[in-house]
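Letters go in sequence order (proteins before strands), and every chain restarts at 1.
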2 protein chains.
Amino acid sequence: MVADSYPPVICTVDVVLLTLRDDALHVVLHKRDREPFRGALALPGGYVHQQEDQGAEDAAVRVLRDKAGIASPYLEQLATLSGPGRDPRGWSVSIAYYALVPLQLVPVDAAHLRVLPADRLPTLPFDHGRIVELAVSRVRVKSHYSSLPVHLCGERFTLPQLQAVYEAVLGEPVNKVSFRRKMDELAMLEPIDGELELGRANRPAQLYRVRREFRRTLSLSERGLGT
Amino acid sequence: MVADSYPPVICTVDVVLLTLRDDALHVVLHKRDREPFRGALALPGGYVHQQEDQGAEDAAVRVLRDKAGIASPYLEQLATLSGPGRDPRGWSVSIAYYALVPLQLVPVDAAHLRVLPADRLPTLPFDHGRIVELAVSRVRVKSHYSSLPVHLCGERFTLPQLQAVYEAVLGEPVNKVSFRRKMDELAMLEPIDGELELGRANRPAQLYRVRREFRRTLSLSERGLGT
DNA sequence: CGAATAGTGTCTGTTAGACATTATCGA
DNA sequence: TCGATAATGTCTAACAGACACTATTCG
């Protein structure tokens, strides 16, 4: 064996916490409170804790709670990045996750957090810029054929609101009729009985919520939304 | 900080090496030559080597070469599994990859290797059974809308042969006309000029090969092959 | 009532699958 | 010439997108 003569591999998790603001995907970044890159904005992340984590996902959940004040968002493993150069401390592994959360749940005023547009980020430490790219691209692809974007909405929303969320994530307009057929096919929404979005000078929209069995998961469709 | 008082996280890679035999996906397993589970069949895997690996993928390539005698197959990261219980030596991370290779390139007679059907495997050590499930499911999903299965073919093949490969991977028959339209759309094949598969009592089939620019990558299509 | 947007009906072009037809080999 | 399979043409059913029409609210 060989490993014993070398320092341990540095084993961390990093989370791309995504939310929607002004119809654009934003990333929640965290001001680092220790070296390396102390004071820089970076993805919330941290070491795996052997004594408390039953797996890397536990570490990601803990990081989201402790560093971003977020509990139980939609969370999925993204990729694992590794190598000798990505962390100045040595050969490292980062198990990267992405999370989706409605803006209302983000503590936007916290001094150690920033919410920045995903497509206009400053240079980030480590390979965090690359990780954000991977996350955004994964979210875009999955949004074509799944219910992923509903996790960017709050508990109650109208179909026109949800369509706007899809359009923001996909970066292109979506046909209304096709969109509604697709949502129907995904079968993950239920109308909230008798609840309408009143107060505007037009026909009020029906309010919907995600069915209980899809709250922390996805519904997939065979064929995606067009273009 | 916390990590210093604990033993290092065990950092390994494991590779699900898939091939096609008798129209069924098979996994190449490796007889372990050291503890734990010495002598048991398991996925080819090993430690990350800090001094030679520029990343986990390098480790996967090295493992494939050293343990399975395979060079430069199609290789893609699958998932990362981790936790305190999956390896008896302690808290461990396995960065799992899957690889596709034509049967001709597998050293099927090597004493330390076994080629077993993916859907009828014995119980494997660690969580390798779970990793194989993930790999097979990933390959099935990707085969619906990509050129992934061509990596199970040799250099030259006919369209009927390739269709049989798709059907084996997907586990269901594929419409011939749709299949050919899809291959055409993927635009990754080129006929080998004047080369036909002669010798049988019927019209000979045109031989094709993968275009150079797709040799180690994929071509994706918007809409997949049907059910 | 008029403006505005929600929600739905319907038409049409595109695409996938079923089926039929032609092509080309060995025997 | 026959049997077999490759390769392709064509019809049809399913589906997505465009468009238009109806519904319902506020002012």
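Sequence order on DNA chain C of the closest nucleotides to B:E185 and A:A205 puts A:A205 first from the 5' end. Of the two residues near DNA chain C, B:F179 and B:A201, the one whose nearest nucleotide lies more 5' is B:F179. Of the residues near DNA chain D, A:N175 and A:P204, the one whose nearest nucleotide (by heavy atom distance) lies more toward the 5' end is A:N175. Each of A:L198 and A:V177 lies near DNA chain D, and the nucleotide nearest A:V177 is the one positioned closer to the 5' end.
Rounded to whole angstrom, the span from the CD atom of A:Q163 across to the P atom of D:dG17 amounts to 11 Å. The nearest whole Å value for the distance from the CG atom in B:N202 to the P atom in C:dT21 is 21 Å. Distance CZ (B:R180) to P (C:dA16): 16 Å, rounded to an integer number of Å. Atom P of nucleotide D:dT25 and atom CZ of A:R200 are separated by 14 Å, given to the nearest angstrom. Taking atom CZ of A:R203 as the reference point, atom C1' of C:dT5 lies 9 Å away to the nearest angstrom. Rounded to an integer number of Å, the gap from CZ of B:R181 to P of D:dT10 is 13 Å. When rounded to the nearest whole Å, the span between NE2 of A:H144 and P of D:dA16 equals 13 Å. Atoms CG (A:D184) and C1' (C:dT8) sit 12 Å apart, rounded to a whole Å.
With A:P107 as the partner, the side chain to side chain contact (heavy atoms under 4.5 Å, CB included) test is satisfied by one option alone out of A:V28, A:V115, A:L113: A:L113.
Under the 3.5 Å distance criterion, the side-chain polar atoms of B:H151 are left unmatched by any main-chain donor or acceptor of B:P73.
Residue-environment remark: CD (A:E155) stays at or below the threshold of 12 foreign heavy atoms within 6.0 Å.
Closest to the side chain of A:S178, out of C:dG7, D:dG17, D:dA7, is D:dG17.
Between the side chain of A:K176 and the base of C:dG7, at least one donor-acceptor pair of N or O atoms lies under 3.5 Å. Interface remark: the B:K182 side chain does not form any donor-acceptor pair with the C:dA16 base, using a distance-only criterion of under 3.5 Å.
Summarising the geometry, atom CG belonging to A:L41 is positioned 12.0 Å from atom NE2 belonging to A:H128; distances are rounded to the nearest 0.5 Å.
Residues passing the ring-ring contact (aromatic ring centres under 6.0 Å, His included) test with A:H26: none are found, sequence neighbours excluded.
In this structure, B:E197 reaches neither bases nor backbone, as no heavy-atom distance under 4.0 Å exists between it and the strands shown.
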